[in-house]
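The sequence lines fix the lettering, A, B, ..., with proteins before strands; numbering per chain opens at 1.
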2 protein chains.
Amino acid sequence: MTSTNHPLDLLVRNLELRARLSQEDRDAILALPYTLRTLDHLTYTIREGDPPRECAVLVSGFAYRQKTTQDGARQIIALHLPGDALDFQNMYLKVSDHSVQMLTRGEVAIIAREELQELAQARPAIGHAILIKTLVEASIFREWVLNVGRRKARERMAHVLCELGSRMDALGLTQEHGYELPMTQEELADALGLTPVHVNRTLKLLEAEGLIMRTRRSIRFPDWERIREAADFNERYLHLDLQVPSSS
Amino acid sequence: MTSTNHPLDLLVRNLELRARLSQEDRDAILALPYTLRTLDHLTYTIREGDPPRECAVLVSGFAYRQKTTQDGARQIIALHLPGDALDFQNMYLKVSDHSVQMLTRGEVAIIAREELQELAQARPAIGHAILIKTLVEASIFREWVLNVGRRKARERMAHVLCELGSRMDALGLTQEHGYELPMTQEELADALGLTPVHVNRTLKLLEAEGLIMRTRRSIRFPDWERIREAADFNERYLHLDLQVPSSS
DNA sequence: CCTGTTCTCAAACATATGTTTTATTTGGAT
DNA sequence: ATCCAAATAAAACATATGTTTGAGAACAGG
C-alpha cells in the first residue's frame, strides 16, 4: 500500500474504484508523462469546438462540464472532483461538443491525448477502466436529464446536494456527508436549470425544513436518510463499486 | 458494396458512420450469433436494476431510454433508431441504471453480452467503434440536459424535432428532413420534461409560426434553416462523421 | 485597513408551464 | 362496418418558477 504523493495516484484510485488494475497497470499510469499546472477559477480545460489534444486530470479543486444556449444561457452538465479525468468524454472524438471549466482554483495534471490512448491500447485493463469510467459518467448525465426534466426545484436541489455528498464521501472528503459546497448559488442554478433567486429560495426552504444545515458554503445533513428520501436519491446510478459482471 | 439483408448489417453501417472497420471486422460482426425477435410497443429490452445479459440491436422500429422518479414521473433520456445497439450503455456495468423500451413495434436482434464483449476484445477496431458510439450517445445525453434545463418549450420541442430529422436523414429514412414522428404527444412530453397539454400547445404554436407542417404524426419542415435557428440546433453534438482525430 | 466587486438574501410582481376537465378525432380490434 | 380505447385538442384556472431591483454581507486585492 503506497501512499505516494504522485498527482496521478488519485486517478489510479479513481479508476480502481470500479475496475481491476494490476500493479503493472498502476505503474504504467504513474509513468505517464504529465505537466502539473495550477488553474484559476473559470479557466477552460477544453472548449466546445476545439479538437481535444490532451486530457487533464483533476488533482485538487473542482471542475464542471458545461454547454450554453445561443442566447447565452448556461447549463452545467456534470461536476468533477479530484481524481476525475476531465477529458475521457472528448478525447476519442474529433471535436469537443462541450466545454470543461474549473469550478474552483485547483491543480491539474495534463497528459497528451495520444500518450493516454496508446497506453489504453497497450494495456487493455486500463482501456477497460477508462471505458467503465466514461459509462458511469454517462449514467450521471442520464440521471441529470431526469433530475432537470422531472423533479421540482426542492427535490432537484436536494438531489445534487446528495450526489455531491455521496461522491465526496467515496473520496473521503467529507464527514458524515457534510462538505464545503464548491460553488456559488448562481453556479448551482446553472447546474439545476433554475434561476439564482429560486436557488436561494430553495436552499432556504430545505434549511427551514431541517433537511440541511448551512453556514455560508458549508453543507451538513442532520439526517442523511431523510434528505435521501426528499431528494429521491438512489445512488445506484453512481455505480460505486467494482464493475465485474455478475456472469451469466 | 454488399446490400445484404442481414439484420446486423444495419449495426455495421451504424458503427461505420464514425469508425473504420476492416472487411474482417464487418464479417466478424455479421457472424455473431443472434436471435431475431419482434417486440411490441412498450416491451422492455432491459429494466433498471437488472443485470445486463444481452445486447439488443434495433433492426426496425424505434426505442427509447427511460428513467422514472419515485412518484412515477417518467423522463425519456434518449431515442433510438434502427441500427442502434440498445445496450452499449449497460452491458459493461453490473446492474442497469435505467430502462430501455420499444417506442413502436419493431424487430430486434439479440446478442449475448459476452459474445459481443469477446468480439470487442478480440478485434480492437470493433471495440473502438463501440467506444465511439457510446461517447456519441453520451454527447446526446449532454445536449438533452441543456435542452431540458435551459431551453423554453418552443425551442426545446423544435430541438428534438430537429434531432430526429437529422438522425433519420443520416439513415436515409426521410425526405428533406420530413418524417413520420414515431411517438405520441404524451411520449414527446416525457422526452421534453413537459406536460402533454403543453406539448400540444407548443406543436400548435410551431405550426402557426410556419416552422413545421403536420398531418397527424407526419412532420415536415418548410424551411429547415429557419427551424434549425428557432431550435438553436447545431448538429455538432451528433458527431455525424468519421471520428479520426485531427492528429497533432 | 480600506474599497470595490461579488455573493447572498429579500420582496413584489410577471409569466411559462402545470392541472383538470371535457369534447373530438383517430385507429385498431372484433 | 362498428365500437372501444387511445390520442389529440381546447378552455379555464392554478402555481412553480422567472424577472427585476435593491440592500446588506463577505471577500479579494491593493
Length of the line joining B:E186:CD and C:dT19:C1', which is rounded to integer Å: 14 Å
A:Y237 and A:H159 aromatic centres sub-6.0 Å: yes
Distance in angstrom units between B:M157 CE and C:dA16 P, rounded: 18 Å
Global bending angle along the helix from C:dC1-D:dG30 to C:dT30-D:dA1, which compares the axes of five pairs at either end, to 10 degrees: 60°
Length of the CZ-P vector between A:R156 and D:dT17, whole Å: 7 Å
Worked check of side-chain hydrogen bond (donor to acceptor under 3.5 Å, both in side chains) between B:Q89 and B:E137: CA-CA 8 Å; B:Q89 293 291 334; B:E137 288 182 1; 2.9 Å; yes
Closest listed nucleotide, where the reference is the side chain of B:A153 and the choices are D:dA16, D:dG18, C:dT17: C:dT17
Out of C:dG18, D:dA16, D:dA9, whichever nucleotide has its closest atom nearest the side chain of B:T195: C:dG18
Nearest-angstrom distance from the residue atom CG of A:N200 to P of D:dG22: 18 Å
Integer-rounded Å distance: C:dG27 P and B:R105 CZ: 18 Å
Nearest-Å distance for atom pair CZ/P, residues A:R154 and D:dT17: 11 Å
A:K152/A:E155 salt bridge by N-O under 4.0 Å criterion: no
Upstream residue (5' side of DNA chain C) when A:V197 and B:L194 are each assigned their closest nucleotide: A:V197
Minimum-distance nucleotide (side-chain atoms of A:R216 versus D:dA26, D:dA9, D:dA7): D:dA26
Under-4.0 Å side-chain N/O to phosphate OP1/OP2 contact, A:K152 with D:dT15: no
5' priority, DNA chain C, between A:R150 and A:Q185 [closest heavy atom]: A:Q185
Quiz item: B:R217 side-chain donor-acceptor pair to C:dG27 base, under 3.5 Å: no
Whole-Å distance separating the CG atom of A:D190 from the C1' atom of D:dG18: 14 Å
Pair B:F141 and B:W144, ring centroids less than 6.0 Å apart: no
Charged N-O contact under 4.0 Å between B:R150 and A:D190: yes
Protein-nucleotide distance (A:H41, atom NE2; C:dC7, atom P), rounded to Å: 6 Å
Salt-bridge criterion met for A:E54 and A:R113 (N-O under 4.0 Å): no
From A:L81, A:L79, A:L181, residue fulfilling side chain to side chain contact (heavy atoms under 4.5 Å, CB included) relative to A:F62: A:L81
is_close_aromatic(B:Y64, B:H98), centroid dist under 6.0 Å: no
Nearest to side-chain heavy atoms of A:T184, which nucleotide of C:dG18, C:dC7, C:dC9: C:dC7
Touch class at under 4.0 angstrom, heavy-atom based, for A:L203 against every strand present: nothing
Polar side-chain contact B:R201-C:dG18 base: donor and acceptor under 3.5 Å: yes
Sugar-phosphate only, base, or nothing, as touched by A:R214 at under 4.0 Å among non-hydrogen atoms: sugar-phosphate
